[in-house]
Visitor: 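Pasting in a structure now, in structure tokens, and then I'll have a few things to ask.
For clarity, every value in this text was computed on a predicted model and none was experimentally measured.
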Amino acid sequence: MARRSRTRGRTRPAQLAAQRAAPTIVRHPTARPTRAPVRGGTARATGAPSAALERAAAWERGYVVKDFRRIGIVVAIMFVLLALSDVAVQLLRP
């Protein structure tokens with residue numbers, strides 16, 4: 001028994017051109033351009049958050065705290081190495 005190909009068949013050039021054609025947007029000549037509404041720093045959601053949202057937020061906060069801790073450890077090690085290199089340069093200088 002022959003194996004079936006899992007690819008789509010070839011499309012006709014006319015169909016392909018029709019799919020690629022961008023839709024035309026007709027605007028009224030006197031229409032003003034729209035702008036996105038300006039929001040302050042307020043939240044849009046109201047009411048109690050869902051349990052899934054709370055879990056996701058807690059996971060994100062934990063990740064950020066761990067990330068800042070890692071950055072702090074790297075910076076502290078960098079300063080220790082900088083101080084040690086300064087001492088080594090002073091000892092090796094004639």
Visitor: Considering only Ile, Leu, Val, Met, Phe, Trp and Tyr, and joining two whenever side-chain heavy atoms are under 4.5 Å apart, list the other residues clustered with V89.
Guide: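 None; V89 is a cluster of one.
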Visitor: With rounding to the nearest 0.5 angstrom, report the CG to CD distance, D67 to E60.
Guide: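 Nearest 0.5 Å value for the CG-CD distance: 10.0 Å.
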Visitor: Given side chains that start at C-beta, do those of D86 and L82 come closer than 4.5 Å, heavy atoms only?
Guide: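 Answer no - side chains too far apart.
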Visitor: Could you work out, with ring-ring contact (aromatic ring centres under 6.0 Å, His included) as the rule, every residue matching Y63, not counting sequence neighbours?
Guide: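 Counting only residues at least two positions away or on another chain, Y63 forms a ring-ring contact (aromatic ring centres under 6.0 Å, His included) with W59.
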Visitor: Supply the atom-to-atom distance R55 CZ to S50 OG, rounded to the nearest 0.5 angstrom.
Guide: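 Between R55 CZ and S50 OG, I get 8.0 Å after rounding to 0.5 Å.
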Visitor: With the 4.5 Å side-chain cut-off for hydrophobic clustering, are L81 and I73 part of the same group?
Guide: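 They do share one cluster, since a chain of ILVMFWY contacts under 4.5 Å joins L81 to I73.
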Visitor: List for me each residue that meets side chain to side chain contact (heavy atoms under 4.5 Å, CB included) alongside A76, sequence neighbours excluded, and say none if there are none.
Guide: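 For A76 there are no side chain to side chain contact (heavy atoms under 4.5 Å, CB included) partners, ignoring immediate neighbours.
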